[in-house]
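Order of the sequence lines fixes the chain letters, A, B, ..., with proteins taken first and strands second; residue numbering starts at 1 for each chain.
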Number of protein chains: 2
Amino acid sequence: MSLPIETPVTNADKTFFRLRTDIVEGVIQAGAKLSETELSTRYAVSRAVIREAINRLEACHLVERKANVGAKVVTLSAAGLVQLYQVREALEGMAARLAAENMDADEISDLQSLLDAHSNKVSSGETYYQEAGDVDFHYRIVLGSKNAHLISVLIDGIYHLVRMYRVQLGMAGPRVTTAFEEHSHIVRAIANRDGELAEMLMRRHILYSKNNIERKLNSISV
Amino acid sequence: MSLPIETPVTNADKTFFRLRTDIVEGVIQAGAKLSETELSTRYAVSRAVIREAINRLEACHLVERKANVGAKVVTLSAAGLVQLYQVREALEGMAARLAAENMDADEISDLQSLLDAHSNKVSSGETYYQEAGDVDFHYRIVLGSKNAHLISVLIDGIYHLVRMYRVQLGMAGPRVTTAFEEHSHIVRAIANRDGELAEMLMRRHILYSKNNIERKLNSISV
DNA sequence: AACCCCTATATTGTCGACATTGCATTTACA
DNA sequence: TGTAAATGCAATGTCGACAATATAGGGGTT
């Protein structure tokens, strides 16, 4: 996959990435307190490095901080999930519209062949690739919008939270075939340079996705 | 006005707010380099405080940072403005939709009376109050969405950048009466609990606003 | 004269120590 | 006995010093 890899250069970068994956994957529990001193000994770096990492985690809404008290990992809730998907709907809808206007031809054909590849994997029953494929698809459209703000908010922020919900609710690969068809229709709209339709389809796609994960969440807890 | 005021508690908070206003108001020029040592002497705080402030400024897209090199204030451009307003359109459109669903009755009547007050000020020719009134209106709708992500991204991030464009392009009070009518229609849609219409109207309102400021920008530079 | 390498300097990254704040336990008083 | 002030502790906030890195300038070579 041709996704731009984030390359950590400084120690604070590495610590930030480690902490982020640990939080998203649930190694550090949701709602847990992040003690600066404890983390600095655990990761063998100074408290300044930990502080910078925590500040960045706060910026992407994975932890909440209170002055003179400390930082906590965010807690997952049904309300939070709904709000998250509302923002996704707005932003990714716009991203699809802009992608229809701004992606160049070879990017679109790449996207189409990506979809074909996924089609093969799915029909051969590879459940592993499902989430990766979904993520890959959405990434390309967001990047195709060529809008730096959109890209930053979604890829650096929201997607990590979305993944945190997915992982911690144990969503392996739901509604595969239907989602695949929705992806197809979106790509077709983009190829036709129909931004308005692309936005509509993307918003519905995310709405369905939200309803699905929400149902799962309600069936598990409370 | 009943806007929630950010209260700085720590030294890093104060420094962050000071730096932010200095950047938005143009006291620190767009594109200027932010030297940690220089700022620490200028503001009489340690470099750690400055670093934390700069990190937060980076999080809200007011400065850009490169590892082992330093931080620069963002530069304003026509393309950047367009992208910013595309995000605004998506997010505030959704905010208006959610406000129509989630604001309670007294919040809506407050919003209505706010609009009436502005109407008086505008017809009496107070140009000063125009931007404050506009900001106040948009703030209330965003807060009325009751969506924490939406609120955070817009109020903590995007609005400061928008204001930076306004201030540095010398936009005093453009298209007052037309904007006021647009506000009226949006409030009416919200009062009727018509989220779909509220979103449409808000998106158009922001589109018009973008076209206006864009025209101004093109007439000044290049 | 043009190019490359090397060195000097200034800036950022990292660290450990100290100051200050919040919280829990204890103690004094009504 | 219940409440409230006082105290001790642990965590965060802040600081100055040291280490690592990038950039600019000079010197040497072809």
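Near DNA chain D, defined here as any heavy-atom distance below 4.0 Å, there are no residues from residues 34-43 of chain B. Remark: B/Thr10, B/Asn11, B/Ala12 in residues 8-22 of chain B come within less than 4.0 Å of DNA chain D through at least one heavy atom. Within residues 51-67 of chain A, the residues having any heavy atom under 4.0 Å from DNA chain D are, by residue number, A/Arg51, A/Arg65, A/Ala67.
By the ring-ring contact (aromatic ring centres under 6.0 Å, His included) test, B/Tyr85 is found to be paired with no residue, residues two or more places apart in sequence or in another chain being considered. Under the rule for a side chain to side chain donor-acceptor pair (under 3.5 Å), A/His149 has no partner lying at least two apart in sequence or in another chain. Take B/Glu58 and apply the side-chain contact (heavy atoms from CB on, under 4.5 Å) test, not counting sequence neighbours, and it matches B/Asn55, B/Val63, B/Arg65. For A/Glu64, the side-chain contact (heavy atoms from CB on, under 4.5 Å) partners are A/Val74, not counting sequence neighbours. For A/Asp104, the salt bridge (Lys or Arg N to Asp or Glu O under 4.0 Å) partners at least two apart in sequence or on another chain are A/Lys146. With sequence neighbours excluded, no residue satisfies ring-ring contact (aromatic ring centres under 6.0 Å, His included) with B/Tyr43.
For DNA chain C, the span of nucleotides reached by chain A at under 4.0 Å from its heavy atoms goes, 5' to 3', from C/dG13 to C/dG22.
Side-chain atoms of B/Ser113 come within 3.5 Å of backbone atoms of B/Ser109 as a donor-acceptor pair (strictly under, hydrogens ignored). For A/Asn211 (side chain) and A/Tyr208 (main-chain N/O), no donor-acceptor pair under 3.5 Å exists by modelled atom type.
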Distances for protein N/O vs nucleotides 18-21 of chain D N/O pairs under 3.5 angstrom?
none

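The phosphate of D/dT12 has OP1 or OP2 within less than 4.0 Å of a side-chain N or O from A/Lys33.
Salt bridge B/Glu89/A/Arg97: absent, no basic N to carboxylate O contact under 4.0 Å. A salt bridge between A/Glu92 and A/Lys210 is absent, with no side-chain N of the basic residue lying under 4.0 Å from a carboxylate O of the acidic one. Of the charged side-chain nitrogens involved, at least one lies within less than 4.0 Å of a carboxylate oxygen, so that A/Arg166 and A/Asp134 count as a salt-bridged pair.
The two atoms that bring A/Ala96 and A/Met202 nearest to each other are CB-CB, 3.8 Å, heavy atoms only.
To the nearest 0.5 Å, atoms CG (A/Asp136) and CG (A/Leu115) are separated by 10.5 Å.
Using modelled atom types and a 3.5 Å distance limit, the side chains of A/His160 and A/His61 yield no donor-acceptor pair.
Identified under the salt bridge (Lys or Arg N to Asp or Glu O under 4.0 Å) test for residues 66-83 of chain A, with sequence neighbours left out: none.
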